[in-house]
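First comes the structure, then the notes that go with it.
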Amino acid sequence: MPVWASGLEALTFITEEYPPYNFQRDGKLQGRSVEILDAIFDLTETDLTTADIHYLPWARGYETTLNKPNTVLFSTTWTPSRNALFKWVGPIATDRVGLIARKDKGIEIESIDELNHSDYRLTAIREDIGEQSLEAAGVDMGQVREAISNTSALQMLTRDRVDLWAYSEDVALWIAEETGLDPANYESVYTLSESQLYFALHPDTNERLVATMQDALERLREQGVLEDILEP
């Protein structure tokens, strides 16, 4: 057994629909971050599997991890405003958040000031990094309609109920393809932020458990396992 003797069984792991990093298909959790966590379980000889991971809507998972001790939410984008709210294990991967539009709309945006002076309708998921990136950039939040999920946001964009969707560029195109839409019909017209994805842990989580996860992640990085998972 590894010298750190896991103890990760004491933690509750929560994830959401954020492909290709974490998502559910046919009742089974999949994705790059799920594979990384499974590799951490194996390396630390933790008696948990992907079947023990809880699958929740983002806002509910986020609030749960903020308020319930010994919970872990992934994949979570690190931001300065979130830094003190959680303990962090990572980074897992780099993610770029942009304003996604339908190509046939011909939308061009050069600045946030231009966006604020436009009549473009925006959507973002509540508590998601897209919504927080809009707020941090100084976007007029009165222009933003909250969506309950990434699929509902995509439907709003596709059906011309909004003009722009603030979300991960890679994930938005993945979801479009997964739902039978042509991702070539969508584009990012403005990049809001580029940041890294982490495991976010409730702030009162025992430091030993945080270190256990971080040490295991670094071991996987050194072994080349992370690279194999992230760039198959």
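Residue numbers start at 1 and run along the sequence shown.
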Side chain to side chain contact (heavy atoms under 4.5 Å, CB included) between Leu37 and Thr15: does it pass, once the steps are laid out? CA-CA 11 Å; Leu37 181 58; Thr15 194; over 6 Å; no
List in chain and number order the residues that pass salt bridge (charged side-chain N to carboxylate O under 4.0 Å, His left out) with [X], two or more places apart in sequence or in another chain; answer none if no residue qualifies.
| X | value |
| --- | --- |
| Arg159 | none |
| Lys105 | Asp160, Asp163 |
| Glu17 | Arg25 |
| Arg82 | none |

Can you list the residues that meet the side chain to side chain donor-acceptor pair (under 3.5 Å) rule with [X], with sequence neighbours excluded?
| X | value |
| --- | --- |
| Glu218 | Gln214, Arg221 |
| Asp113 | His117 |
| Asn83 | Trp78 |

Any donor-acceptor N or O pair under 3.5 Å, side chains Asn22, Ser75: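 Ser75 and Asn22 do have a side-chain donor-acceptor pair below 3.5 Å.
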Without hydrogens or angle criteria, can the side chains of Tyr198 and Thr77 be said to hold a donor-acceptor pair below 3.5 Å?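 Distance-only check fails for Tyr198 and Thr77.
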Before accepting this row, confirm whether a basic side-chain N of the pair Lys87/Glu207 lies closer than 4.0 Å to the acidic partner's carboxylate O.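 Salt bridge between Lys87 and Glu207, a charged N being under 4.0 Å from a carboxylate O: yes.
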Electrostatic pair Asp104:Arg102 at N-O distance under 4.0 angstrom: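 Salt bridge between Asp104 and Arg102, a charged N being under 4.0 Å from a carboxylate O: yes.
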[X], [atom1] atom: more than 12 neighbouring heavy atoms under 6.0 Å:
| X | atom1 | result |
| --- | --- | --- |
| Glu135 | CD | no |
| Gln223 | CD | yes |
| Lys28 | NZ | no |

If we check ring pair (Phe, Tyr, Trp, His ring centres under 6.0 Å) with Tyr18, which of these qualifies: Tyr167, Phe74, Trp174?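 Going through Tyr167, Phe74, Trp174 one by one, the ring pair (Phe, Tyr, Trp, His ring centres under 6.0 Å) with Tyr18 is satisfied by Tyr167 alone.
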I'd like to know if the side chain of Asp215 and the backbone of Thr212 have a donor-acceptor N/O pair within less than 3.5 Å.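 No, because the side chain of Asp215 does not come within donor-acceptor range (under 3.5 Å) of the backbone of Thr212.
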With a 3.5 Å distance limit and no angle check, can you tell me whether Asn116 reaches the backbone of Gly138 through a side-chain donor-acceptor pair?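 Side chain of Asn116 to backbone of Gly138, a donor-acceptor pair under 3.5 Å: yes, one is there.
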Could you pull out every donor-acceptor pair under 3.5 Å between side chains of residues 187-196 and any protein atom, sequence neighbours left out?
residue: Ser188; atom: OG; partner: Glu169; partner atom: OE2; Å: 2.8
residue: Thr191; atom: OG1; partner: Glu169; partner atom: OE2; Å: 3.3
residue: Ser193; atom: OG; partner: Ser133; partner atom: OG; Å: 3.2

Partners of Phe86 by ring pair (Phe, Tyr, Trp, His ring centres under 6.0 Å), sequence neighbours excluded?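 Only Tyr62, Trp88 meet the ring pair (Phe, Tyr, Trp, His ring centres under 6.0 Å) criterion with Phe86.
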Holding to ring pair (Phe, Tyr, Trp, His ring centres under 6.0 Å), I want the full list of residues that pass it with Tyr21, two or more places apart in sequence or in another chain.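 For Tyr21, no residue satisfies ring pair (Phe, Tyr, Trp, His ring centres under 6.0 Å) once neighbours in sequence are set aside.
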Work out which heavy atom in Leu134 is nearest to a heavy atom in Leu122; give both atom names and the distance.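 It is CD2-CD2, 3.9 Å.
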Contact summary for Ala176 and Leu154, nearest pair of heavy atoms: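 Where Ala176 meets Leu154 most closely, the heavy atoms are CA-CD2, 3.7 Å.
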How long is the span from the OG1 atom in Thr65 to the NE2 atom in His202, to the nearest 0.5 Å?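 Nearest 0.5 Å value for the OG1-NE2 distance: 8.5 Å.
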Out of curiosity, Leu73 CG to Thr12 OG1, how far, rounded to the nearest 0.5 Å?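 So the CG of Leu73 and the OG1 of Thr12 are separated by 12.0 Å.
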How would you list all residue pairs meeting salt bridge (charged side-chain N to carboxylate O under 4.0 Å, His left out) that involve residues 140-151, not counting sequence neighbours?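 Output for this query is empty, none listed.
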Among Ile, Leu, Val, Met, Phe, Trp and Tyr joined by side-chain contacts under 4.5 Å, find the other residues sharing a cluster with Ile148 and list them by chain and number.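 Listed partners: none, Ile148 stands alone.
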